[in-house]
Amino acid sequence: VPENSLEYFVCKLVFEEVDEPQLDLNVLEAAGKDPLDQRAVYQAVRRLNSKARTDLELKGDLLKRGKEKTLLNDIEQLI
């Protein structure tokens, strides 16, 4: 994941607090992006999930999405 990309900030925030969902607004703020562009976080999470599924050979998505928030998926659902 390229440093300072939106994907980087999604991972950084999600893995810093694995038990807490990260709001799209917090990710956009950390990345210095437009706070109204919440679709960008959704698209970044989709790219991360696709890459993780392929590279790590996961059964499911690494990251779960909720309404304007992202969190780490349960490990039991990934392997």
Side-chain angles (χ1 to χ4, degrees):
V1 175
E3 193 172 341
N4 295 325
S5 65
L6 198 52
E7 290 88 346
Y8 170 84
F9 286 101
V10 169
C11 289
K12 183 177 187 309
L13 292 175
V14 167
F15 284 101
E16 279 179 353
E17 297 183 46
V18 294
D19 294 328
E20 294 294 321
Q22 296 300 315
L23 298 176
D24 291 355
L25 186 60
N26 294 345
V27 173
L28 292 166
E29 185 178 285
K33 304 288 185 186
D34 179 4
L36 299 177
D37 192 11
Q38 294 178 352
R39 180 120 177 113
V41 177
Y42 167 79
Q43 292 168 338
V45 170
R46 288 191 62 203
R47 288 189 295 270
L48 285 166
N49 279 334
S50 177
K51 185 165 181 59
R53 232 181 284 113
T54 301
D55 293 354
L56 303 174
E57 298 178 2
L58 302 176
K59 289 194 306 186
D61 289 339
L62 178 65
L63 303 170
K64 289 194 298 189
R65 288 284 298 163
K67 184 174 171 88
E68 300 176 2
K69 61 187 173 187
T70 304
L71 65 151
L72 195 59
N73 205 348
D74 296 328
I75 191 72
E76 292 84 25
Q77 296 181 4
L78 300 176
I79 54 176

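All figures in this text were calculated on a predicted structure; none of them were measured in a lab.
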For Asn73 and Leu62, indicate whether the former's side chain and the latter's backbone hold a donor-acceptor pair under 3.5 Å. no
Shortest non-hydrogen contact between Phe9 and Ala30, atoms and distance: CE2-O, 3.4 Å
Determine whether more than 12 heavy atoms belonging to other residues, nucleotides or ligands lie under 6.0 Å from atom CD of Glu57. no
Step by step, work out the side chain to side chain contact (heavy atoms under 4.5 Å, CB included) result for Glu20 and Leu71. CA-CA 7 Å; Glu20 294 294 321; Leu71 65 151; over 6 Å; no
Do you reckon Tyr8 sits in the same ILVMFWY cluster as Leu23, going by side-chain contacts under 4.5 Å, direct or chained? no
Beyond-backbone contact of Thr70 with Val27, side-chain heavy atoms, under 4.5 angstrom: no
Nearest 0.5 Å please: distance from the CZ atom of Arg53 over to the CG atom of Leu48. 11.0 Å
Looking at Asp24 and Arg65, is there a salt bridge between them, counting it only when a charged N and a carboxylate O are closer than 4.0 Å? yes
Could you please spell out the steps behind the side chain to side chain contact (heavy atoms under 4.5 Å, CB included) verdict for Leu28 and Leu6? CA-CA 8 Å; Leu28 292 166; Leu6 198 52; 4.2 Å; yes
Atom NZ of Lys12 and atom OG of Ser5: how far apart are they, to the nearest 0.5 Å? 12.5 Å
Over 12 foreign heavy atoms within 6.0 Å of CD, Gln43: yes
Nearest-0.5 Å distance, CG of residue Asn49 to OG1 of residue Thr54: 10.5 Å
Among Asp37, Val41, Leu36, the one residue meeting side chain to side chain contact (heavy atoms under 4.5 Å, CB included) with Arg39: Asp37
Taking everything shown except Arg47 itself, do over 12 heavy atoms lie less than 6.0 Å from its CZ? yes
Indicate the atoms forming the closest heavy-atom contact of Ala44 with Glu7, along with that distance. O-CG, 3.8 Å
